[in-house]
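Since the structure comes first, as structure tokens, the remarks are kept for the end.
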Number of protein chains: 2
Amino acid sequence: MSLLAKATIDDVAALAGVSMKTVSRVVNKEPNVRASTREKVQAAIAQLEYRPSQSARSLAANRSYVLGLLYDNPSASYVIDVQEGALQTCRRAGYDLLIHPCRHNEPELADEVLALVRHSRVDGLILTPPLSDITQLVDGLVEAGVPFVRLSPTENKQACPYVQTNDQEAAYDMTCRLLELGHERIGFIAGHPDHRAVAERYQGYLAALKESRIKFDKTLVVQGYNSFDSGRECAAQLLGMNDRPTAIFASNDDMAAGVIIEAHHRGLAMPAELSVAGFDDTPVAHQIYPSLTTVSQPITEMASKAAELLVKQLQGKAVQMPAAIMSCRVIVRDSTGKR
Amino acid sequence: MSLLAKATIDDVAALAGVSMKTVSRVVNKEPNVRASTREKVQAAIAQLEYRPSQSARSLAANRSYVLGLLYDNPSASYVIDVQEGALQTCRRAGYDLLIHPCRHNEPELADEVLALVRHSRVDGLILTPPLSDITQLVDGLVEAGVPFVRLSPTENKQACPYVQTNDQEAAYDMTCRLLELGHERIGFIAGHPDHRAVAERYQGYLAALKESRIKFDKTLVVQGYNSFDSGRECAAQLLGMNDRPTAIFASNDDMAAGVIIEAHHRGLAMPAELSVAGFDDTPVAHQIYPSLTTVSQPITEMASKAAELLVKQLQGKAVQMPAAIMSCRVIVRDSTGKR
DNA sequence: ATGAAAGCGCTAACAC
DNA sequence: GTGTTAGCGCTTTCAT
């Protein structure tokens with residue numbers, strides 16, 4: 001058991017018959033090492049089970065090899081997926097991931113995050129919605145020169161590299177499907193205004209209606225706040241109308257679940273009397289009755305890609321600013337049907 | 001903007017007119033510093049906004065000030081809650097948290113984790129179910145002398161400090177309630193055998209039945225695997241019986257959600273024709289129809305407490321091995337009612 | 001109660 | 001292509 005061994009770079013250098021610096025070059029994949037030398041060193045590393053000390057290299061290089069992941073999202077599954085994606089890249093690139101839940105409406109958020117960067121030795125940050133659109137935070141990071149990337153930002157897109165999905169297009173597709181099913185009165189529950197990425201899904205709904213021959217009725221659009229409870233309240237409002245909608249499209253699954261509950265309590269059969277659609281494909285979507293037609297996003301891939309962009313940036317490689325755009329896909333389940 | 005300042009321990013020492021070592025004593029709350037000296041130093045620290053460099057102290061002290069959180073749990077909300085609790089303690093105690101999802105049935109799990117400890121400079125580990133009961137892992141950590149704590153272990157309890165809940169008692173209570181509602185045929189869906197903490201809830205069900213005048217019918221107990229789908233399959237089996245149960249108690253909420261779906265598909269009214277109970281109080285419990293009667297555990301507090309025990313251990317303080325036992329509570333919602 | 005000196009294991013800057 | 005020399009900012013002895 002070589003658990004106590006703790007080989008250092010000097011041990012490797014001695015065994016390989018080279019200098020410390022050469023070992024360092026091999027470890028850090030720097031150029032200017034002869035192939036044969038590299039192999040000797042690698043053999044020594046393997047034999048001694050040498051692993052560089054992160055603290056030593058952090059101290060010497062003044063970098064932490066830690067990425068910070070910032071989030072303020074009530075959806076546990078979203079956060080877990082983002083973590084998973086970020087971790088995949090971190091493992092590949094030799095970084096650690098520091099998770100940092102915070103409050104997007106905390107007035108001193110920017111200071112808090114800058115303190116994290118300064119004191120908790122984080123080399124760069126990954127911002128997720130709704131933090132991606134907190135102007136004060138984004139500006140603060142740019143000003144302080146902190147490397148960062150964002151998931152699904154909706155504004156200030158030149159501030160940093162980012163990854164996003166075609167949400168609006170997917171919302172457009174979903175609305176078109178409902179129209180094709182014969183629905184003419186389609187209620188829409190808008191997302192939390194602070195959570196721009198969700199809020200903007202409304203544009204897709206609008207676009208689809210404009211293309212159709214249906215006249216837009218603004219009383220069919222109600223403001224939600226992304227939570228199950230707000231979804232239920234919005235549904236109560238929509239379903240209480242004299243000429244109630246035959247379909248309701250909620251900007252996320254939690255709200256759609258609220259719609260379904262409210263419909264159950266009103267004794268409405270779904271999809272016979274009411275079609276319901278959501279967005280996100282969270283676990284609840286297939287755990288409720290009827291199972292929810294929704295839109296799935298490649299969250300893990302987005303996060304993994306975002307972390308890659310950040311690592312590239314940290315390695316000094318130019319990152320293409322036009323960013324990565326990934327595709328959502330509509331998942332049809334049992335909650336939608338013909339009018 | 002003192003963002004570039006980067007005061008070091010020398011700067012503080014100079015300003016306070018003391019030696020580096022004295023500053024170090026103050027920062028680390030060591031004894032043998034006169035109160036007046038301490039104050040001078042603290043003033044200097046405040047004025048310079050000094051924060052110790054983690055990498056420097058890690059290198060010098062040969063500790064990382066990082067705790068590792070290990071998990072392999074399909075419930076995103078459980079993991080998020082555990083993270084939150086662990087983070088609370090980490091923030092207070094000056095530690096960082098490294099998250100490490102893994103596979104409990106991976107044959108080389110123990111080696112993987114030991115490599116993490118050895119190379120990723122983690123001072124101690126927090127194990128969550130079902131990892132808390134992976135004998136090979138637990139034994140490996142003990143043998144290697146790695147400090148660790150566990151959440152909800154069911155065996156080998158002397159191996160390390162731990163925190164647990166009175167699951168079995170809560171399962172007993174829940175079963176009693178169903179009996180009081182007049183149910184005489186209560187189906188039970190057991191938890192995944194690998195996930196001992198969940199699996200042992202069965203004992204509570206058994207105990208309650210034994211105390212009652214109801215005769216135990218083993219055909220009412222089916223083996224689940226903690227997932228929604230397995231819950232649904234088990235429900236299909238139970239509800240397909242000639243003399244089907246009037247209540248079903250599933251060992252966790254995901255399986256209970258599966259039961260509810262299956263009942264919907266069979267056109268059974270709940271709770272009129274079937275009562276359903278779950279365990280865990282995950283978000284889905286109040287998002288489904290009917291809302292689910294279940295048991296709530298103080299997950300965040302457990303994780304926070306566990307991290308505290310670990311930190312104490314790392315600080316060399318003796319940890320009381322009898323460990324902390326926290327209470328669950330039954331939450332009655334709409335899925336249960338009189339027979 | 002306080003201080004001086006010696007590293008911790010690595011990278012950076014500059015030789016050669 | 002490779003080696004030498006200084007630190008990075010702390011904690012640890014061990015003095016005093």
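Every chain is numbered from 1, with letters handed out A, B, ... down the list of sequences. Fair warning: this is a prediction, and the values are worked out from it, not measured in the lab.
- Using a 4.0 Å heavy-atom distance criterion, A:Pro52 is classed as a sugar-phosphate-only contact.
- Taking 4.0 angstrom as the limit, A:Ser53 places none of its side-chain polar atoms (N or O) nearer than this to OP1 or OP2 of C:dG9.
- Atom pair A:Asn32:CG and D:dG1:C1' shows a separation of 6 Å (rounding to whole Å applied).
- A salt bridge links B:Arg92 with B:Glu308: the closest approach of a Lys/Arg side-chain nitrogen to an acidic carboxylate oxygen falls below 4.0 angstrom.
- With 3.5 Å as the limit, one finds a donor-acceptor pair spanning the side chains of B:Thr89 and B:Ser304.
- In this structure, A:Ala61 and A:Ser36 both approach DNA chain D, and ranking their closest nucleotides by distance from the 5' end singles out A:Ser36.
- Between A:Lys21 and B:Met20, the one whose closest nucleotide on DNA chain C sits nearer the 5' end is B:Met20.
- If you check every strand for non-hydrogen atoms under 4.0 Å, A:Ser58 touches nothing.
- Side-chain N/O atoms of A:Ser24 include none lying less than 4.0 angstrom from OP1 or OP2 on C:dC10.
- When the C1' atom of D:dG9 is taken as reference, atom CZ of A:Arg63 falls 18 Å away, rounded to whole Å.
- Remark: A:Thr8 is not in phosphate contact with C:dG9, judged by side-chain N or O atoms under 4.0 Å from OP1 or OP2.
- Counting any heavy atom pair closer than 4.0 Å across all strands shown, A:Asn28 reaches sugar-phosphate atoms only and no base atom.
- The side chain of B:Leu59 sits closest to D:dG9 out of C:dA12, D:dT12, D:dG9.
- Within the nucleic acid shown, A:Asn62 has no heavy atom closer than 4.0 Å to any nucleic acid atom.
- Heavy atoms of other residues, nucleotides or ligands lying less than 6.0 angstrom from NZ of A:Lys21 number more than 12.
- Here B:Leu48 contributes atom CG and B:Ile9 contributes atom CD1; the two are 12.0 Å apart, rounded to the nearest 0.5 Å.
- Rounded to whole angstrom, the span from the CD atom of A:Glu30 across to the C1' atom of D:dG3 amounts to 14 Å.
- At D:dC10, one or more side-chain N or O atoms of B:Tyr50 fall inside 4.0 Å of OP1 or OP2 (strictly under the cut-off).
- One cannot find a donor-acceptor pair under 3.5 Å joining the base of D:dT2 and the side-chain atoms of A:Arg34.
- Looking only at side-chain heavy atoms (C-beta outward), B:Tyr50 and B:Leu15 stay at 4.5 Å or farther from each other.
- OP1 or OP2 of D:dG3 lies within a sub-4.0 Å distance of a side-chain N or O belonging to A:Thr22.
- Between A:Asp81 and A:Gln83, the side chains place no donor N or O within less than 3.5 Å of an acceptor N or O (distance only, hydrogens not considered).
- Remark: the B:Arg25 side chain and the C:dG3 base include a donor-acceptor N/O pair separated by less than 3.5 Å.
- In this entry the distance linking CD of B:Glu39 with C1' of C:dA1 reads 16 Å, nearest Å.
- When the P atom of C:dA1 is taken as reference, atom NZ of B:Lys40 falls 15 Å away, rounded to whole Å.
- Put simply, CZ on B:Arg38 is 11 Å from C1' on C:dA1, counting in whole angstrom units.
- In terms of phosphate contacts, A:Arg57 brings a side-chain nitrogen or oxygen within less than 4.0 Å of OP1 or OP2 of C:dT11.
- Across C:dA4, D:dT4, C:dG9, the shortest atom-to-atom separation from the side chain of B:Ser19 is found for C:dA4.
- The CG atom of B:Asp10 sits 13 Å away from the P atom of C:dA5 (whole-angstrom rounding).
- Between B:Thr37 and B:Ala56, the residue whose closest nucleotide on DNA chain C is further toward the 5' end is B:Thr37.
- Taking atom CZ on B:Arg51 and atom P on D:dC10, their separation rounds to 12 Å, with Å as the unit.
- A:Ser55 comes within 4.0 angstrom of nothing in the nucleic acid, heavy atoms only.
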